[in-house]
**Q** 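This structure is in structure tokens; I'll ask about it shortly.
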Amino acid sequence: MIDILRRITREPLGMIGLVLVVLIVISALLAGVIAPYDPIELRIVDRLQGPSAAHLLGTDQLGRDLFSRVLYGGQVALKVALISIGAALGVGVLFGMIAGFGPRWLDNIIMLFFDTIRSFPTVMFALATVALVGPSLETVIAVIVVTTIPNYGRVVRTQTLSIRSNEFIKAERAMGASMVRILGVHVLPNVIGPLMILASMDIPTVIALEAGLSFLGMGVKPPTPSWGSILNDGYTLIRNTPWPIIAGSIPLVLITLGFTFLGESLRDLIDPKLRKNI
Amino acid sequence: MLFYLIKRLALGVVIVMLAVTLLFCMIHLVPGDPARILLGPRATPELIAGMSARMGLDQPLPIQILLFFGNLFRGDLGMDVITNRPVADMVFGQLPYTLWLIFTAIGFAMVIGIPLGCYSALHRNTLIDRVTGVLSVACITVPAFVVALYSLLIFAVTLNWFPAVGAGEQGNFWDQVRHIVLPALAIGLSWIGYLARLVRASMLEVMGENHIRTARAYGLPERVVVFRYALKLAVLPTVTVIGVGMGFLLSAALFTEIVFARPGIGKLIFDSITTRNYPVVMGSVLVSTVLFVISTTLSDLVNAWLDPRIRSSL
Amino acid sequence: MTDVLEVKNVRVRFRVKSNFQALVQGIEDPFIDAVRDASFAILEGETFTLVGESGSGKSTLALAVAGLLPAEEGSVRFGGAEVTTMDHAALQAYRKQISFMWQNPVGSLSPRLSVGSLITEPYKIHKLAERDLKAECARLLKMVGLPREFSTRYPHQLSGGQARRVGVARALALNPKLIIADEPTAGLDVSVQGEILNLLNRLQDELGVAMFIITHNLNIVRHISDHTAIMYLGRFVELGPTDDIFEQPRHPYTLALLSANPEPDPDAAISRIELKGEVPSLMDRPGGCEFHTRCPFVGDGCDTNPPPLFTVSGAHTLTCHYPRG
Amino acid sequence: MNDALLTIRDLSVHYHTDRGELKAMRHVNMDVPGGSIVGVVGESGCGKSTLISSIIRLLASNAIIPCGSITFEGRDLLGLSREEMRRLRGDRISIVFQDPMSTLNPVLSIGRQMVDIQYRSSASRAHKIKRATEMLASVGISDPGSRLKQFPHEFSGGMQQRISIAMALQAEPALLIADEPTTALDATLEVQIIHLLKKLQTDIGCSILFISHHLGVIAELCDYVVVMYAGEVVEEGTTREVFHNPAHPYTERLLRCDPASIATKTRSLPTIPGEIPDLVTLPQGCIFKNRCEHVMTQCEHLVPAWIESHSGHFVSCHLAAKPGND
């Protein structure tokens, strides 16, 4: 583990990725300490200011400090990303391994469901759900979990299928090993590595999706700060001030770059053959 | 071949039907009555019952689904409860805008991304390759709506080079072109990076295969090795990715249509969701799903056309 | 001596087309026979070898014997018990008494487990973990001639020969009555092949375990095997005591295989028998004698009549219209 | 062997790896006389594939050539420009690879590939197709005209190898390199390919550099043999000399442990105990010393010289250098 870390820091891009991720994660975690203002406190007097020493990124139309809102928005983004990817990973691995190792008919049924979910364009599916249930953080997480499960499930299935035809699995079967033992001891350890890399590279996608939904007003409820809702404010104010757009997009771009660089160097180190399009 | 085609189409129909059923179940299962939500808190029970009947929600769920499919076969996607126009007309009226946008974006991404990827693969580890690599990652990771916002901010609002809203005047080709540039850029930018990286990776893989060594061992000029022997194989994964990418493209189109206030199916969905217009939501999601199924099937067929190994296994 | 294993008239079928495809394409039989009418017995403590080229059905037969593939017809009896009709519990008990060694020395070892865990895997599978696994591991490593330190290595750190030894150690873990080895020398250099064959011979002498070896290389058979069968297109074409087959090969295919591995002597009279064409597809078996399309000695009736069973002497039999020699 | 078509002198190839410099091939000498078949024998890790790649100059990008020369038809291949080298490949030097299944381009038809490699000729397309048809017929593919339209996966492994041979010999090269062309094939197909190669070699009059680990095939096919071990050529001579009077202990042991050479039944087959030394940290002295039965004191420190033990029979071993030992 430490060895991997050391090798990542040796690569310039890996190092940049690591620094960005650590920086943003820490600043989100410590938002309560670092943030100079309350992110939801209204100060109409200070509205629509440009950057200054008092307001590093300026203020929005309600006079809220954008820098503080960006810091707190990071908490929302990370929360959504970690919970939804964790859950999707768990369910995806389970169904993927069952599809890859189980009988053919079960595989077909699981794949049919995966394909069906995949055929909904994610954002449209998310909007339809939000329209029915109403916007909330939980809805966003649920939608992301449902729409990401097929991605992981398909990767795990493909990997399981290729591992399944290996001789060492046949050897375990011939020795009479149970299905649970084969999956847990022999398949899972060979699947999980590449999957973790994929998951780390998915974090930016999920964060972008959360921001997108909040941008459309279908994510977190105002006044909770989110990068997406800051951008939405920016969109409505686009002819007045560019700062909310800049403030909302900077962390979004930095964290996506950070996780992508990190994930890519991890992938190159651990499994150079793994490609994004499995 | 014909057998395969029939199988694929049958599977596509099953997927679409399953998707519709899932949506119906979702509407049915989630708490809250769509008719009540649509009409607002002050609606009378009679009004709500009337609206439920108009939306077909008073029937039991299986009947609702059957009715929907029955109408579907007649090309009827139901009626818009607010304007009383057929949903099919609305959806198909908006669809061309979205399709034009998507095709322009992906075409533009292919024209730039694929050659860039090839160049990077063939000049591996040079400065240009590294710069392209970093830029590609940067392009991929920036969400489409952020690109849309920035291009709107810079090119439309600040510099005023391109129009900010709409799709342009009907029948005025140049006006339409001017209107499509920024939205297509917003969608296509991440695809340039994506395709460049994909083509680079698969080109490198193909160039390492034994048959390329053979082609070189027979002294074929490098140009022939690259363009005739390697490229055809290297673009195969691209076809699949674009086919599956229809979903992402539609999602990205939705954002850009909203940002640029451009007509299209994404904007239609968004507007009908904000007005809780379920039949329109249903119809548009269905059409998007069908688009996805068609594009994956098409990409499989193109793959089969390009790769004789797949062709003969069909 | 008693039979450890008795195989009678085994037939193994594979489906190659779905019923629907078969209907559409007008194929009557959507199955192929990978093994047809195979019968042999393995005596306690002896080695039986199955020789054949790719597609001959030799591995399929071995899998059917091990209960890993269902046999369409025929019987496989192990120590008097019928394997083909065993339920799950009986099969588990059967698998404790046989071990299967797979073709790829490194690929048949689970890549993320250490040699120590790999060797003791059978104990864990059959819930015999109360044994002192460390001691067992050391004992097994010693048996196959590997130093004790190897227990902490991983498969990718082993050479082909070493990995093969680990495979042998694992196969010996539960003191099996029968070891089935698929191509035990595949992928190994000539100088290492000898080591593995010597090891198998020595272990058989010490432990009295019966062995069922599958190989494409007829030349290694002479030194390890008591009885040999030669397979072509899923059928035995010649079967008998190994010495008899090497002294008096009678089937043209056996002769061709023997001559396919010539002596490394430039002055040796080279009498290679070159077969015509390639192995026909199992979906399109030739009529009459199935070998007639490639046989250099083909005669009248070969293409129409199935060849008769010909007994050379005692247990040495073959199916041929015109046996050589 | 003065009329040699291909002469390799003191050739070394190293690879840059994470662990350090991997000395895959060191100070190799060998000759391929015109119109002859030369066999290269060795076990895994002996440097056979590095040898081939360096002759056709398609070494991996992490390879370096610290010393040596490869002279082909009087020209030093290592001194040629990339373009000059490319012009030789497929015209004067051709190659048949080991794994027929992956050697041919999967998405182009056989005919297309066979026509493509005739790009040097100014003949008409119809003429090129005719030439390809003739070549396919000469390697024993029936109905060659219509099979030109087929793709590689539609042929069996044996057929694909025949096609590879047809492509390699289409330009009637002076040197054909055959890299274990029969290893992936069944024994009965191997016989066919060997006979085919022998016949075509006689027809065309080219030389063949035949790489194999199969001693029996080498004995049957080759005029000369080169024995490689751990990146060095340890012995070279006529096949008869080397197989009847092996001068290097490795050759002698290798010949002894081939199961095919042991006609009498034995329960204990001869082997070569030990493993190939690590080529990153080379041991001092003779490369074979850790596995040699006749190891002597000078083997520990002195690298044996490349000497001619008989006329035309070269070996690098201290035993052969002793006066009166031959």
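Protein chains get the first letters and strands the later ones, always in sequence-line order, with residue 1 at the start of each.
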**Q** Given the rule in the side chain to side chain donor-acceptor pair (under 3.5 Å) test, do B/Y150 and A/S249 qualify, once you have shown the distances and angles that lead to the verdict?
**A** CA-CA 9 Å; B/Y150 271 95; A/S249 59; 2.5 Å; yes
**Q** Angle between ring planes, A/F114 versus A/F95, binned at 30° and 60°: parallel, tilted or perpendicular?
**A**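 Correct class here is perpendicular.
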**Q** Name the member of B/L22, B/V285, B/V281, B/L254 that forms the most heavy-atom pairs with chain A at distances under 4.5 Å.
**A** B/L254
**Q** Contact part of A/A211 toward chain B, heavy-atom cut-off under 4.5 Å: side chain, backbone, both or neither?
**A** both
**Q** For A/I245, is it the side chain, the backbone, both or neither that has a heavy atom under 4.5 Å from a heavy atom of chain B?
**A**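 Both the backbone and the side chain of A/I245 come within 4.5 Å of chain B.
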**Q** Contact part of B/V16 toward chain A, heavy-atom cut-off under 4.5 Å: side chain, backbone, both or neither?
**A**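 No part of it gets close to chain A.
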**Q** Which region of B/I258, side chain (C-beta onward) or backbone (N, CA, C, O), has a non-hydrogen atom less than 4.5 Å from a non-hydrogen atom of chain A, or is it both or neither?
**A**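 Both backbone and side chain of B/I258 come within 4.5 Å of chain A.
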**Q** Which bit of B/L249 is near chain A, if near means a heavy-atom gap under 4.5 Å: side chain, backbone, both or neither?
**A** neither
**Q** With a 4.5 angstrom heavy-atom cut-off, is it the side chain or the backbone of B/L149 that approaches chain A, or both, or neither?
**A** both
**Q** By a 4.5 Å heavy-atom criterion (distance strictly below it), what part of A/L216 contacts chain B: side chain, backbone, both, or neither?
**A**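 Both the backbone and the side chain of A/L216 come within 4.5 Å of chain B.
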**Q** For residues B/T98 and B/Q94, is any side-chain donor paired with an opposing acceptor at under 3.5 Å?
**A**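 B/T98 vs B/Q94: no donor-acceptor pair found between side chains.
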**Q** Please assess B/S299 against B/T296 for the test side chain to side chain donor-acceptor pair (under 3.5 Å), listing each intermediate value before the final yes or no.
**A** CA-CA 5 Å; B/S299 77; B/T296 46; over 6 Å; no
**Q** With a 4.5 Å limit on heavy-atom distance, are the side chains of B/V13 and B/L9 in contact?
**A**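 A side-chain contact is absent here, since even the closest heavy-atom pair is not under 4.5 Å.
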**Q** Would you indicate whether the side-chain heavy atoms of A/F125 and A/V146 approach each other to under 4.5 Å?
**A**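 A/V146 reaches A/F125 side chain to side chain.
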**Q** Could you measure the distance from the CZ atom of A/R118 to the CG atom of A/N151? Nearest 0.5 Å is fine.
**A**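 Going from the CZ atom of A/R118 to the CG atom of A/N151 covers 7.5 Å.
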**Q** Taking B/L152, B/V259, B/L23 one by one, which has the highest count of heavy-atom pairs under 4.5 Å against chain A?
**A**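 Option with the top pair count is B/V259.
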**Q** Just so I understand: if I count every heavy-atom pair under 4.5 Å between each of B/L153, B/V146, B/L250, B/V142 and chain A, which residue has the most?
**A** B/L153
**Q** Donor-acceptor pair, A/W227 side chain versus A/P251 backbone, under 3.5 Å?
**A**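 Judged by distance alone, no pair lies under 3.5 Å.
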**Q** Between chain B and each of A/L252, A/T129, A/I207, A/L127, count heavy-atom pairs under 4.5 Å; write down the option with the most.
**A**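 Maximum pair count with chain B is reached by A/L127.
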